[in-house]
Number of protein chains: 2
Amino acid sequence: MADLKLDQFLPYRLSVVSNRVSAAIATAYDRLFGLRIPEWRLIAVIAEGPGITQQALGVATRMDKVTVSRAAQALVERGLVARAPNEGDRRSHLLALTATGRLLYDQVAPKALELEAKVLEQLDAGERVALSAMLDRIEAAASEVAPEGVGAD
Amino acid sequence: MADLKLDQFLPYRLSVVSNRVSAAIATAYDRLFGLRIPEWRLIAVIAEGPGITQQALGVATRMDKVTVSRAAQALVERGLVARAPNEGDRRSHLLALTATGRLLYDQVAPKALELEAKVLEQLDAGERVALSAMLDRIEAAASEVAPEGVGAD
DNA sequence: GAAAAGTCGTTTCAGTTGAAACTATATCGC
DNA sequence: GCGATATAGTTTCAACTGAAACGACTTTTC
């Protein structure tokens with residue numbers, strides 16, 4: 001049997017690194033903007049293309065519809081996002097940033113890119129491309145091994 | 001301002017991929033061995049070097065001491081791990097695998113490596129080395145940005 | 001055109017997590 | 001030595017998460 005060292009076990013390494021990065025970003029967003037991760041993810045996607053349903057947001061952010069629902073409510077209550085009736089389908093609404101929301105986004109986005117840059121400046125251009133491609137392939141392989149879900153190790 | 005697309009944002013990609021991989025592994029372990037991730041992590045580290053305290057396990061697995069405590073209790077109750085008194089320091093115990101635990105480990109470890117292989121077979125040898133090195137550097141950078149913790153994005 | 005089946009979003013509930021408080025033991029400072 | 005401080009591990013509690021049940025609306029089927 002080949003030797004199993006936790007420290008060299010890819011799923012473990014991936015989980016640890018991801019959690020580290022996530023914690024850094026989550027802390028920064030919360031402190032600077034009072035945003036949780038699900039909220040910030042919604043804002044990022046809504047900014048890309050306004051007039052989007054929660055169901056589409058769930059697909060785009062890979063978050064559960066419950067998480068999307070709660071994040072959307074929080075953003076609406078805070079006046080950052082507005083719901084317009086969806087004439088084509090009255091079960092859903094179309095979400096868009098309010099003026100305030102857009103203002104916040106214009107602050108959040110550069111900050112996000114700045115934080116990402118701090119992490120990415122460890123890698124040269126070629127490495128970044130390679131990393132991205134590897135992540136794609138790893139994700140695809142993992143999806144085959146087990147169908148779905150959010151998990152632990 | 002440079003464009004921010006969630007899909008290309010590294011912390012998000014990392015989180016999604018890590019969660020995917022984690023979910024795949026967690027499901028497999030639970031189904032095959034009835035082990036949760038914290039439990040399996042403890043087993044892996046205890047197998048590497050028996051006679052270890054929970055505090056050391058926490059460092060080795062980067063898990064909270066509460067998580068370690070609960071996982072250790074579960075393993076002891078299940079008869080997979082035994083606690084020996086630590087003569088040098090009676091606040092702690094020294095944990096080791098029981099015979100049953102060792103037997104289970106001998107099944108779990110190859111399965112873990114097999115699952116990892118399924119994911120890693122997407123990458124050639126050079127890529128694996130590169131990925132590992134990049135993860136190290138990314139983790140280090142993230143640790144600088146924000147000190148500690150487990151998080152979200 | 002109305003019953004059956006499906007989908008969007010919310011609410012409820014049970015499980016998991018970690019911060020903080022606590023107990024027991026150990027070490028430090030004098 | 002012994003009171004003050006620190007550490008190992010457990011328990012408690014509040015927050016977060018997602019599965020399942022639900023309500024509202026839509027589509028399909030006959």
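Lettering of chains follows the sequences in order, A, B, ..., and the numbering in each one begins at 1.
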Chemist: Can a donor-acceptor pair under 3.5 Å be found between the side-chain atoms of A:R83 and the base atoms of C:dG9?
Modeler: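 It does not, because no donor-acceptor pair links the side chain of A:R83 to the base of C:dG9 below 3.5 Å.
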
Chemist: Could you please name the option among D:dG18, D:dG9, D:dT11 that lies closest to any side-chain atom of A:T67?
Modeler: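 Shortest atom-to-atom distance from the side chain points to D:dG18.
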
Chemist: In whole angstrom, what separates A:D30's CG from D:dA15's P?
Modeler: 13 Å

Chemist: May I have the distance from A:R62 (atom CZ) to D:dG18 (atom C1'), rounded to whole angstrom?
Modeler: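 The distance from CZ of A:R62 to C1' of D:dG18 comes to 18 Å, rounded to the nearest Å.
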
Chemist: Using whole Å, report how far CG of A:D89 lies from P of D:dT28.
Modeler: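 After rounding, the gap between these two atoms is 12 Å.
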
Chemist: Are B:Y12 and A:W40, when compared by the centres of their aromatic rings, separated by less than 6.0 Å?
Modeler: no

Chemist: What's the verdict on side-chain contact (heavy atoms from CB on, under 4.5 Å) for A:D64 and A:T67, showing C-alpha distance, side-chain angles and the deciding distance?
Modeler: CA-CA 5 Å; A:D64 191 84; A:T67 307; 3.7 Å; yes

Chemist: Could you check how far NE2 of A:H93 sits from C1' of D:dA24, rounded to whole Å?
Modeler: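 My rounded result for the distance is 11 Å.
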
Chemist: Of all the choices, D:dG9, C:dT16, C:dC13, which nucleotide is nearest to the side chain of B:R36 once you look at every atom?
Modeler: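 So the side chain of B:R36 is nearest to C:dT16.
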
Chemist: Check the distance between D:dA15's P and A:I37's CD1 and give it to me in whole angstrom.
Modeler: 19 Å

Chemist: Return no unless some side-chain N or O of B:Q73 is found under 4.0 Å from OP1 or OP2 of D:dG9.
Modeler: no

Chemist: Can you tell me if the side-chain N/O atoms of B:S69 get under 4.0 Å from OP1 or OP2 in D:dG9?
Modeler: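 Checking B:S69 against D:dG9: no side-chain N or O falls below 4.0 Å of OP1 or OP2.
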
Chemist: What is the distance, to the nearest angstrom, from the CG atom on B:L57 to the C1' atom on D:dG9?
Modeler: 12 Å

Chemist: More than 12 heavy atoms of other residues, nucleotides or ligands under 6.0 Å from CZ of B:R128: yes or no?
Modeler: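 Buried by this count: over 12 neighbours within 6.0 Å.
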
Chemist: Can you check the A:K65 NZ to D:dT17 C1' distance for me, whole Å?
Modeler: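 One finds 14 Å between C1' of D:dT17 and NZ of A:K65, rounded.
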
Chemist: Which listed nucleotide (D:dT11, C:dT10, D:dG18) is nearest to the side chain of A:R70?
Modeler: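 Ranking D:dT11, C:dT10, D:dG18 by closest atom to the A:R70 side chain puts D:dG18 first.
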
Chemist: Using heavy atoms to find the nearest nucleotide of DNA chain C for B:R90 and A:R91 separately, return the residue whose nucleotide is more 5′.
Modeler: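 Of the two residues, A:R91 wins.
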
Chemist: State which of C:dT10, D:dT11, D:dG9 makes the closest approach to the side chain of B:Q54.
Modeler: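 Closest nucleotide to the B:Q54 side chain: D:dG9.
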
Chemist: What nucleotide among D:dG18, C:dT25, C:dG18 has an atom nearest to a side-chain atom of A:D64?
Modeler: D:dG18

Chemist: Check the pair B:R62, B:E139 against salt bridge (Lys or Arg N to Asp or Glu O under 4.0 Å), reporting the backbone distance first and the verdict last.
Modeler: CA-CA 13 Å; B:R62 322 241 181 157; B:E139 185 183 3; 2.5 Å; yes

Chemist: Rounded to whole angstroms, how far apart are CG on A:L35 and P on D:dC16?
Modeler: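 After rounding, the reported distance stands at 14 Å.
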
Chemist: Do side-chain atoms of A:Q107 reach the backbone of A:L104 as a donor and acceptor pair under 3.5 angstrom?
Modeler: no

